Number of protein chains: 2
Amino acid sequence: MSSVREIAEQAGVSITTVSRALNNDNTVNPKTRERVLAVANRFGYVATVGRRNTTNLGFVYLGEQTINHPYDCAVLAGVAQGVDECRFDVVVLDLRRDKRTDETYSQFFMRKGVRGVIIRTMAESRDICRDIAKEGFPHIVISERFEDDSVCCIDCESKSDSRRAVEYLIALGHRRIAFAVHNVPDRDHNDRLEGYREALANHDLDFRDDWVFRHQYTLAGGETVMKMIASMPERPTAVYIADPMMGVGAVRMAHELGLNIPNDISIIGFDDTELRFSVYPTLTAVCQDAYTIGFEAALLLTRMIRDGAVRKGLQKSLPTFFEVHDSTGPPPAQTAPVLSLARHRAVAPRPAGARNGDGALHEKR
Amino acid sequence: MSSVREIAEQAGVSITTVSRALNNDNTVNPKTRERVLAVANRFGYVATVGRRNTTNLGFVYLGEQTINHPYDCAVLAGVAQGVDECRFDVVVLDLRRDKRTDETYSQFFMRKGVRGVIIRTMAESRDICRDIAKEGFPHIVISERFEDDSVCCIDCESKSDSRRAVEYLIALGHRRIAFAVHNVPDRDHNDRLEGYREALANHDLDFRDDWVFRHQYTLAGGETVMKMIASMPERPTAVYIADPMMGVGAVRMAHELGLNIPNDISIIGFDDTELRFSVYPTLTAVCQDAYTIGFEAALLLTRMIRDGAVRKGLQKSLPTFFEVHDSTGPPPAQTAPVLSLARHRAVAPRPAGARNGDGALHEKR
DNA sequence: AACAGTTGCTGGAACTGTTTCAATCGGCAG
DNA sequence: CTGCCGATTGAAACAGTTCCAGCAACTGTT
């Protein structure tokens with residue numbers, strides 16, 4: 001549409017200056033720069049290189065830690081595969097690292113030479129997603145949903161399988177069922193809690209606030225939750241832990257406390273990769289496939305770009321699936337007395353000088 | 001140095017044709033194309049875009065599965081952080097997917113617009129690394145070492161800490177110590193086996209072939225190894241499992257077989273992320289930091305590019321570290337009788353319809 | 001056999017954006 | 001007033017890509 005030459009004319013400067021302004025060259029006068037950027041934005045300027053459009057897709061993060069979960073890893077692998085169809089490439093971008101505050105998102109993406117972005121959300125980035133959508137830049141947000149249909153996104157609907165999972169526990173005979181999830185208020189969080197609520201309601205079981213736990217989405221978070229559950233006077237006989245890492249941490253802590261899974265307590269986890277197979281016993285879990293999410297996202301986005309305009313509010317939901325494994329069974333006849341952490345430590349003694357693994361796991365960096 | 005115009009003149013065609021040939025446009029006659037590419041290669045042609053050099057770094061894979069391990073994930077995170085200093089960006093590339101057989105590696109990389117590459121190796125890719133080095137394209141190979149100094153690489157020296165780990169077991173009183181590692185014949189493999197050998201030799205313990213296990217670098221691989229160890233008539237009292245996923249799988253299987261860690265068997269694992277904290281008991285392990293490997297690799301490569309020519313045979317080794325946790329202890333007074341898998345299954349029954357987690361874990365895709 | 005249409009391949013020219021080099025402007029010391 | 005210096009800018013030269021037109025060879029039709 002518009003070129004540096006057009007912008008130059010409109011802004012009353014040379015193409016040289018336009019190029020410099022767009023590339024954040026610091027020799028250009030701030031006032032001139034602002035004028036140029038204003039025109040560029042008005043025109044919805046899109047950089048091309050020697051007439052050719054780039055074929056890069058941005059995998060956009062924001063935050064100190066870029067990629068730090070098996071989830072991210074699997075999503076990225078899926079994206080890398082998904083861009084294949086339209087022969088795109090993936091470039092990793094970090095908003096917080098690289099984006100200047102005085103440029104729009106579109107400008108930033110153009111400067112980086114990407115034609116569209118796949119956005120890895122966090123709680124704080126919902127507004128950012130909306131802004132990007134508003135600028136009309138091709139995008140797709142991963143694992144989120146938006147009420148308004150301005151933002152394109154893809155996620156997994158985990159409510160119904162969450163309900164199913166909890167109903168499975170009820171069918172096994174459990175009546176005291178706890179729920180745990182990470183403490184970042186995102187969509188997933190609500191979906192799964194809602195499923196839990198519904199299952200209880202469907203079977204005339206009371207929803208109890210003190211059986212709902214929120215903690216960090218880390219091993220340590222899950223460990224803490226399990227400790228809290230174990231120490232309760234009227235201990236739940238089962239728990240649905242709706243976050244992958246927390247589930248693994250909870251299993252660890254159950255072992256440490258001498259609780260047998262599933263004889264003393266049943267655990268249902270949540271998995272987006274293959275973590276459920278890495279613990280003993282293998283976790284019964286509600287699962288989503290992070291790889292497929294990435295793959296589908298890439299497919300949607302590349303097609304969106306190929307076909308021209310950004311489709312307003314393209315929203316897709318993938319199904320989850322519920323897998324029964326070895327961490328669930330009938331409730332115990334009577335709940336075992338609460339074991340102290342200290343007692344069990346004596347059985348599996350820690351060698352002197354051992355680093356305590358309880359602490360910060362993923363917060364390290 | 002050379003431009004499309006020069007190449008065009010030399011090859012006796014127009015710049016249009018050169019451009020097309022370099023970009024694999026299929027309208028150009030194969031014979032013409034070959035002629036153009038020959039000239040381009042002779043000139044060591046390097047594409048620039050509108051006079052500007054791109055600032056992308058390739059994160060190069062080869063193979064069906066792109067990124068599938070926590071290891072890759074951590075390395076990539078490190079790379080993403082490491083390129084920051086010189087303001088580069090990271091592009092994910094898959095040789096097997098995108099590279100045409102009739103273009104050189106340099107051509108492929110130039111076409112993708114990257115100035116240098118970080119190569120994630122596998123056993124099969126050693127020759128490829130050599131070829132890339134021979135072409136003089138800026139590169140750094142991750143987690144490998146080369147005898148000749150033509151290839152730039154970075155890795156962790158895991159031999160000495162492997163020795164230390166096995167000597168720690170000996171100090172605890174173990175005399176029958178097994179060793180397990182993945183069955184891909186790479187450098188790491190040798191390093192760790194060598195460390196194991198040395199430790200035995202230093203303490204006058206015999207090296208026994210039937211105590212060395214090689215299997216897939218997956219949970220299933222580790223599980224199999226543990227089954228094999230458990231079934232041995234004169235069972236080892238400790239094992240050093242020099243692969244992260246295998247270690248996790250072995251712990252799982254030990255539980256399943258009713259073997260108490262460390263009372264019945266001591267396990268030392270190998271970790272490159274934080275996996276050692278995800279199992280119970282926390283694994284004593286030789287550790288390398290995949291994040292740091294990626295970070296350092298990016299730093300070295302970007303500086304190499306900034307400073308001009310490719311430094312021949314830049315080779316860097318990072319140290320590993322040995323962490324003692326809860327999976328190691330003194331050997332049992334007498335080795336418990338071998339337990340059958342069936343017996344233990346009865347204790348923690350699998351619900352009907354359970355998917356067996358033993359099978360292919362990461363081979364799925 | 002003549003003709004029109006199609007396909008494969010190529011090049012000129014026009015176009016994209018970036019950088020080099022020189023010019024201009026304003027301030028300031030001598 | 002003069003000369004110097006740094007900040008800012010633009011003309012021109014350059015990078016590579018693509019549109020469009022042309023040419024040649026082939027194919028089917030009349």
Side-chain angles (χ1 to χ4, degrees), chain A residues 1-41 43-56 87-89 103 106-115 306, chain B residues 1-41 43-56 87-89 103 106-115 306:
Chain A
M1 292 293 167
S2 59
S3 69
V4 267
R5 271 133 186 120
E6 262 183 83
I7 296 172
E9 195 178 344
Q10 282 287 323
V13 294
S14 72
I15 57 167
T16 312
T17 306
V18 174
S19 176
R20 280 199 271 250
L22 291 173
N23 287 289
N24 294 330
D25 187 313
N26 53 13
T27 69
V28 57
N29 186 310
K31 249 192 101 176
T32 317
R33 180 166 181 280
E34 204 170 329
R35 203 168 69 242
V36 171
L37 291 189
V39 178
N41 277 340
F43 280 15
Y45 172 72
V46 171
T48 55
V49 175
R51 276 244 161 147
R52 168 210 251 180
N53 294 321
T54 54
T55 55
N56 286 341
R87 313 243 118 233
F88 273 68
D89 287 302
E103 64 185 348
S106 301
Q107 262 164 31
F108 169 68
F109 297 141
M110 295 320 324
R111 181 158 63 80
K112 289 297 183 183
V114 299
R115 305 263 313 272
R306 190 191 55 190
Chain B
M1 292 291 170
S2 59
S3 69
V4 266
R5 272 138 185 114
E6 263 182 82
I7 296 173
E9 196 177 346
Q10 282 288 321
V13 293
S14 71
I15 57 167
T16 309
T17 305
V18 173
S19 175
R20 279 198 272 250
L22 292 173
N23 288 287
N24 294 330
D25 187 313
N26 53 11
T27 69
V28 56
N29 187 310
K31 250 192 99 176
T32 317
R33 182 165 179 280
E34 204 170 327
R35 202 167 71 240
V36 172
L37 290 189
V39 177
N41 277 340
F43 281 16
Y45 172 73
V46 171
T48 55
V49 176
R51 278 240 159 152
R52 168 206 253 179
N53 294 322
T54 55
T55 55
N56 286 341
R87 313 240 119 235
F88 273 69
D89 287 302
E103 64 185 346
S106 301
Q107 262 164 29
F108 170 67
F109 296 142
M110 294 322 322
R111 180 157 65 79
K112 288 297 184 183
V114 298
R115 305 261 314 270
R306 190 190 53 190

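Letters A, B, ... mirror the listed sequences (proteins, then strands); counts begin at 1. What you see is a predicted model, and the numbers here were worked out from it, not measured in a lab.
- When atom types are taken as modelled, the side chain of B:Arg35 and the backbone of B:Ala11 share a donor-acceptor pair closer than 3.5 angstrom.
- Atom-to-atom, CZ of B:Arg5 to P of C:dG12 comes out at 12 Å; the value is rounded to the nearest Å.
- Residue B:Arg20 places no side-chain atom within donor-acceptor reach of the base of D:dG16, judged by atom type and a 3.5 Å distance cut-off alone.
- Of all nucleotides listed (C:dC9, D:dG16, C:dG17), D:dG16 comes nearest to the side chain of B:Val4.
- What separates CD of A:Glu9 from C1' of C:dT16 is a distance of 17 Å, to the nearest Å.
- Listed here is the closest heavy atom pair of A:Leu37 and A:Ala21: CD2-O, 4.1 Å.
- Closest to the side chain of A:Ile15, from the set D:dA11, C:dG12, C:dT18, is C:dT18.
- A:Val13 and A:Val36 get closest at one heavy-atom pair: CG2-CG2, 4.0 Å.
- Comparing C:dG12, C:dC9, D:dT17 by their nearest atom to the side chain of B:Ser19 picks out D:dT17.
- Using a 4.0 Å cut-off, some side-chain N or O of A:Thr17 falls inside it from OP1 or OP2 of D:dG10.
- In this structure, CD of B:Glu34 is placed 14 Å from P of C:dC9, rounded to the nearest angstrom.
- Checking A:Thr16 against A:Ser19 by side-chain atom types alone, no donor-acceptor pair falls below 3.5 Å.
- B:Asn29 has its CG atom 18 Å from the P atom of C:dT7, to the nearest Å.
- Here D:dG16 presents its C1' atom at 11 Å from CD1 of B:Ile7, a figure rounded to the nearest Å.
- The phosphate of C:dC9 (OP1 or OP2) has no side-chain N or O of B:Thr32 nearer than 4.0 angstrom.
- One atom, CD of A:Glu6, and another, C1' of C:dT16, lie 12 Å apart when rounded to the nearest Å.
- Side-chain nitrogen and oxygen atoms of A:Thr16 include none within less than 4.0 Å of the OP1 or OP2 phosphate oxygen of D:dT9.
- Taking CZ of B:Arg5 as the start and OG of B:Ser14 as the end, the distance is 10.5 Å to the nearest 0.5 Å.
- Pairing for C:dG8 is with D:dC23, a Watson-Crick or G-U wobble pair whose two hydrogen-bonding atom distances lie under 3.5 Å.
- In this structure the side chain of A:Val4 reaches within 4.5 angstrom of the side chain of A:Leu22, judged on heavy atoms.
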#### Entry: Contact pattern, 5' to 3', of nucleotides 22-27 of chain C - B, S or - by protein heavy atom under 4.0 Å
------
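- In this structure, A:Val18 reaches neither bases nor backbone, as no heavy-atom distance under 4.0 Å exists between it and the strands shown.
- Nearest heavy atom pair, residue B:Ile15 against residue B:Ala8, reads N-CB, 3.7 Å.
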